[in-house]
Protein chains: 2
Amino acid sequence: MSLSKSPDFIVHSADPLNGEPPLETLRENFITPRELFYVRNHGPIPDIDPQAFRLVVNGMVERELELSLDTLLNDFPKRTVMATLQCAGNRRDGLIAHAPIPGEVAWEAGAIGNAFWSGVPLKEILNVAGARLGAQYAAFMGADEVIRHDENVGFGGSIPLEKALSSEVLLAYEMDGKPLEPVHGFPLRVIAPGYIGARSVKWLAQITVQAFSSKNYFQAHAYQLFSPQTTAETADWNAGLQLGELGVNCVITSPREGAQVLGEVQVEGYAISGGGRKIARVDVSSDNGATWATANVTRGDQLWAWTFWQTRLHLESGETEIIARAFDTASNTQPEDVRHIWNFKGYMNNAWHRARVKVA
Amino acid sequence: MSLSKSPDFIVHSADPLNGEPPLETLRENFITPRELFYVRNHGPIPDIDPQAFRLVVNGMVERELELSLDTLLNDFPKRTVMATLQCAGNRRDGLIAHAPIPGEVAWEAGAIGNAFWSGVPLKEILNVAGARLGAQYAAFMGADEVIRHDENVGFGGSIPLEKALSSEVLLAYEMDGKPLEPVHGFPLRVIAPGYIGARSVKWLAQITVQAFSSKNYFQAHAYQLFSPQTTAETADWNAGLQLGELGVNCVITSPREGAQVLGEVQVEGYAISGGGRKIARVDVSSDNGATWATANVTRGDQLWAWTFWQTRLHLESGETEIIARAFDTASNTQPEDVRHIWNFKGYMNNAWHRARVKVA
């Protein structure tokens, strides 16, 4: 299978394929070009015959469904949503800099991308199936084989039924107006805007309506947030925070860590929050937070998409650390120090983003 | 008008009446006794004749309404919601300790309370009125007179229409099964769970459905969050964050700052988030965040209510600072240092909560 990615694409692992774009190219387009869109896989990319494909809908429903791709494309309404997907592991490199996180992909800050997704609103499918009383979650299973402890556990996840019935959650068959590429979930994937990328299950094969969240490895075990002192040995896997809605985050895309810059420097980046909360303000500091300059938001009007921001700083010559942090519309902001949110699985690093630069 | 509050109630100002309970008593009951429930007013408590009372619903509606209290009580469904209200100024004392905030109430951490509220779901009223195309906000006006710059600006605020149509937003006429007291909004108030208390407008007189957020002083001017370097003189009042959904917060209610404690100490507190996000974890540290102990949640199962937590710490003798911070289900957590969220109006202090104690 050929990879339609940019030559600059940073491939963290080839099998399963995991990669992200260089950060400086990511910020060039509000809609991320597909050759720059990050890829996060847990198994090989399945080769699915679109003619034979059937989506199964079962569980606590009035009517079980088996839907062909033709049916999904022709018998249901089509909706397009601009949505930014962000991997729960985005910015893991910053956590690793504090303490090792073995066995996990060392994502930089490019495990995020924004696209127009088109497909059937999930609620249209669920309305036909008819959720039964007591149903509380929509659980998804992809067609990819994922081996854990010598067993194919597959890739699954779930979202609350209330979210599944919202107008923004899609079963997408197009990305930016073209059929999904295999690497992004052809022929069908979930798009759950405002949630960690893992819940937007690719190569979607089955939706199960049920009273409890998914028991799949990637919902009930992985993608849980634990406290800094918890280890793989001490973790209570029934007590972690099963990641869902994204928190508030902010990244400096330019200048990059270690860059040589002039005294007047353009600082740019992205910010994002989850659950439909918009970015309310981005602050930038070059004196470790003693004073903050409010950045200009250049694009930030879409409910489910990231925000682009920029500002100009006047820096004294020498070494300076630039810091950025955001507030969302629920007045949530970011923690200062990565030490206090470090977790052994390396999720959800939203500490202040920092770039040390040398000023000429 | 007699005040049915506890003798221990801390009265910050008598006219307008503003007060809160002592923190150690607040944590004794998951449902806050009415004699301990905080009061936040901007003007005198209006004396409303329930017979003459009419609620006006106007603006972008198909049908303007004038509803008597009898109609609201008898012709509409009644719903009860447990909801915690929190003033946007809760914990302002912690901000003032960093830098003065003149002209604002110096709230401690007791400007919060939890109650059962009963009344008509707002959506039932709006369904009868019929919101017209383009309507985006429900704006509320109370009957209280509030003087600003020699003018009666009244007290108003708004919430997005989507929130107004949610099942949890009430026009409440009962608190804990009894008619509202005048001090809490008799005969009718808004309850907007998950939002700052100011949006739960008391002595509700009018609801206006409109395309824009309220232009009232308390939505368009006050209750905005600005950056630390902004002052009253430099503020762009069109650019602040108009506070709405609450962020994540956490408070140690016992032991109190300055307390003498034994080496084995019970630490207790509350935590809360907004927008229906639950508290996922509370961490407690006695070594300035080098290590964290996860507290036990004793009550935290209600969508719109606070969470109670407790843990036991073993402390060395001498002076120790106990710190608490929470994570919500969107993995948002609290900023470490009050300096970085200080704002000249003194809102939304959710920095790590700290209590210095002397260990015997």
Side-chain angles (χ1 to χ4, degrees), chain A residues 88 160 162 166 194-196 224-230 236 239-249 273-283 285 288-295 297 323 325 327-337 339-341 343 347-352, chain B residues 88 160 162 166 194-196 224-230 236 239-249 273-283 285 288-295 297 323 325 327-337 339-341 343 347-352:
Chain A
E162 187 180 357
S166 72
Y195 273 57
I196 63 167
Q224 287 191 58
L225 192 67
F226 289 99
S227 66
Q229 74 274 8
T230 305
D236 175 357
L241 191 178
Q242 290 188 7
L243 293 167
E245 273 188 13
L246 292 166
V248 59
N249 211 340
S273 189
R277 296 176 291 283
K278 290 188 184 180
I279 295 298
R281 196 176 85 228
V282 174
D283 291 338
S285 177
N288 201 32
T291 61
W292 296 93
T294 298
V297 166
I323 300 174
R325 59 124 187 224
F327 283 74
D328 72 15
T329 48
S331 77
N332 281 302
T333 191
Q334 303 174 228
E336 176 177 336
D337 192 332
R339 281 185 304 143
H340 299 304
I341 56 168
N343 60 97
Y347 296 126
M348 298 302 287
N349 179 10
N350 72 335
W352 290 359
Chain B
E162 188 180 356
S166 72
Y195 273 56
I196 63 166
Q224 288 191 56
L225 192 67
F226 290 98
S227 66
Q229 75 275 7
T230 306
D236 176 356
L241 191 179
Q242 290 190 7
L243 293 167
E245 273 189 12
L246 292 165
V248 60
N249 211 339
S273 190
R277 297 177 291 283
K278 289 188 185 180
I279 295 299
R281 196 176 84 229
V282 174
D283 292 338
S285 177
N288 202 29
T291 61
W292 297 93
T294 298
V297 166
I323 299 174
R325 58 123 188 225
F327 284 74
D328 72 15
T329 47
S331 78
N332 281 302
T333 190
Q334 303 174 229
E336 178 177 334
D337 193 332
R339 282 185 304 143
H340 300 304
I341 55 168
N343 60 98
Y347 297 127
M348 297 303 286
N349 179 9
N350 72 335
W352 292 358

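A note on names: the letters A, B, ... follow the listed sequences, proteins ahead of strands, and every chain is numbered from 1.
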What part of [X] lies closer than 4.5 angstrom to a heavy atom of chain B: side chain, backbone, both or neither?
X	result
Thr329(A)	backbone
Ala351(A)	neither
Asn288(A)	backbone

Looking at Gly247(A) and Asn332(B), what are the two nearest heavy atoms and their distance?
->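 Gly247(A) and Asn332(B) have their closest heavy atoms at CA-OD1, 3.5 Å.
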Distance-minimising heavy-atom pair for Arg281(B) and Leu225(A) |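 Between these two residues, the closest heavy atoms are NH1-O, 4.1 Å.
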Which of Gly289(B), Ser285(B), Gly275(B) touches chain A most, by non-hydrogen pairs under 4.5 Å =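 Of Gly289(B), Ser285(B), Gly275(B), Gly289(B) has the most heavy-atom pairs under 4.5 Å with chain A.
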Quick one: which of Asp337(B), Val248(B), Asn249(B) has the most heavy-atom pairs under 4.5 Å with chain A, could you say?
->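 Highest number of heavy-atom pairs under 4.5 Å: Val248(B).
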Heavy-atom side-chain proximity of Phe327(A) to Ile341(B) below 4.5 angstrom |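 A side-chain contact under 4.5 Å exists here.
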For [X], which atoms come within 4.5 Å of any heavy atom of chain A: side chain, backbone, both, or neither?
X	result
Tyr347(B)	neither
Gln229(B)	side chain
Ala239(B)	neither

For each of Pro228(A), Gly194(A), Gly274(A), tally heavy-atom pairs with chain B at distances under 4.5 Å, and name the one with the top tally.
->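 That would be Pro228(A).
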Nearest 0.5 Å, what's the CG-CG distance between Asp328(A) and Leu241(B)?
->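 These two atoms lie 8.0 Å from each other.
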If you round to the nearest 0.5 Å, how far is CG of Asn350(B) from OG of Ser331(A)?
->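 So the OG of Ser331(A) and the CG of Asn350(B) are separated by 6.5 Å.
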Dump the intermediate steps for side-chain contact (heavy atoms from CB on, under 4.5 Å) on His340(A) and Ile323(B), then the final yes or no.
-> CA-CA 12 Å; His340(A) 299 304; Ile323(B) 299 174; over 6 Å; no
